[in-house]
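As the structure is a prediction and not an experimental result, all values here were calculated from the model.
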Amino acid sequence: MRVVTVPCLSDNYAYLVVGEGSRAFVVDPSEAAPVEAALAREKVELVAILDTHHHWDHVGGNEALAERFRVPIWAHESDRGRVPGQTHDVREGERFEVAGLSIEPLHVPGHTLGAVAYHVGGAVFTGDTLFIGGCGRLFEGSPEQMHTSLSDKIGKLPPRPRFTAATSTPSPTCSFVCTSSRTTPPRAHASTPRGPRAPAVADRAQHHRRGAGHQPFLRVGEPAVRARFPGATPADVLAGVRKAKDGFKAPSR
């Protein structure tokens with residue numbers, strides 16, 4: 001399996017996942033043109049589209065790509081009618097195969113109710129559920145759902161898969177992580193620019209591994225995080241961290 005990062009919009013990423021026989025699927029194509037260019041550049045055949053959730057900046061290229069390449073579109077069963085062109089339903093616990101690769105879908109509600117992470121090979125494609133130093137805003141789900149999705153599902157995948165998020169992590173998030181966790185993130189994370197201006201650096205930053213000490217949303221059971229964001233349960237602590245992140249403004253230089 002080979003993963004190709006495709007910068008889209010100003011701060012998003014789609015991913016070409018190349019399997020057997022130069023066949024590939026794309027995860028979260030927010031726009032079609034960059035994906036088409038990557039397919040030509042990599043000399044691979046698109047055979048499917050996988051969406052992590054219904055937001056426009058993840059599905060904006062669905063219909064154009066499906067029309068040109070005549071490929072199916074996979075998304076969670078609850079997103080029918082919200083994901084453009086969806087043809088196949090993803091369900092928790094039901095593996096499926098694309099391009100010769102076995103894909104394990106995880107239903108990870110929190111950011112949206114139909115959010116899915118795709119575990120395939122040594123990688124997990126988390127969409128907007130998990131970022132380098134954060135998690136997606138709770139637009140539709142609850143703190144309890146997000147905690148379960150992060151800690152009990154994504155956080156327990158063996159053996160330490162490579163995380164691949166769909167949105168870049170700008171410097172304000174890194175500043176928040178330093179403030180909330182009392183840790184200093186690695187230099188590559190702190191200097192990661194937004195969007196396609198430096199895809200090589202962004203690629204390294206996006207492909208982080210579980211257990212990083214600078215991820216407060218995966219550390220809500222630890223005393224250091226609970227002391228700063230008190231709560232009766234880990235979900236309460238996560239809600240406190242998320243609320244603080246929502247209102248955080250990075251200090252001016």
What distance do [X] atom [atom1] and [Y] atom [atom2] have between them, rounded to the nearest 0.5 Å?
| X | Y | atom1 | atom2 | result |
| --- | --- | --- | --- | --- |
| Leu65 | Ile73 | CG | CD1 | 8.0 Å |
| Glu144 | Ser149 | CD | OG | 11.5 Å |
| His147 | Asp236 | NE2 | CG | 10.0 Å |
| Leu46 | Arg70 | CG | CZ | 13.0 Å |
| Leu113 | Phe139 | CG | CZ | 12.5 Å |
| Asp128 | His111 | CG | NE2 | 4.0 Å |

Looking only at heavy atoms, what is the nearest atom pair of [X] and [Y], with distance?
| X | Y | answer |
| --- | --- | --- |
| His76 | Gln86 | O-NE2, 3.2 Å |
| Ala66 | Ile49 | N-CD1, 4.2 Å |
| Ala117 | Thr126 | CB-CA, 4.2 Å |
| Tyr118 | Val90 | OH-CG2, 3.7 Å |
| Cys135 | Thr129 | CB-O, 3.1 Å |

Checklist entry - Would you call the rings of Trp74 and Phe96 parallel, tilted or perpendicular if under 30° counts as parallel and over 60° as perpendicular? => result parallel
Checklist entry - Parallel under 30°, tilted from 30 to 60°, perpendicular over 60°: which one fits the rings of His53 and His55? => result perpendicular
Next on the checklist: Using the salt bridge (charged side-chain N to carboxylate O under 4.0 Å, His left out) criterion, which residues pair with Arg82? Sequence neighbours excluded.
Outcome noted: Asp79, Glu140
Checklist outcome for this item: By salt bridge (charged side-chain N to carboxylate O under 4.0 Å, His left out), Glu92 pairs with (sequence neighbours left out) Lys153
Next on the checklist: Please determine whether side chain to side chain contact (heavy atoms under 4.5 Å, CB included) holds for the pair Asp28 and Phe125, giving the CA-CA distance in whole Å, both sets of side-chain angles, and the decisive distance to 0.1 Å.
Outcome noted: CA-CA 9 Å; Asp28 285 348; Phe125 298 87; over 6 Å; no
Checklist outcome for this item: Here the ring pair (Phe, Tyr, Trp, His ring centres under 6.0 Å) pairs for residues 29-48, sequence neighbours left out, are none
Next on the checklist: Once side-chain contact (heavy atoms from CB on, under 4.5 Å) is applied, do any residues pair with Glu77, and if so which ones, sequence neighbours excluded?
Outcome noted: Asp89, Arg91
Next on the checklist: Under the rule for side-chain contact (heavy atoms from CB on, under 4.5 Å), what residues qualify as partners of Ser102, not counting sequence neighbours?
Outcome noted: Arg95
Please list every donor-acceptor pair under 3.5 Å in which a side-chain atom of residues 29-42 meets a protein atom from a residue at least two apart or in another chain.
{"unit_1": "Glu31", "atom_1": "OE2", "unit_2": "Leu9", "atom_2": "N", "d": "2.6"}
{"unit_1": "Glu36", "atom_1": "OE1", "unit_2": "Arg68", "atom_2": "NH1", "d": "2.9"}
{"unit_1": "Glu42", "atom_1": "OE1", "unit_2": "Arg2", "atom_2": "NH1", "d": "2.7"}

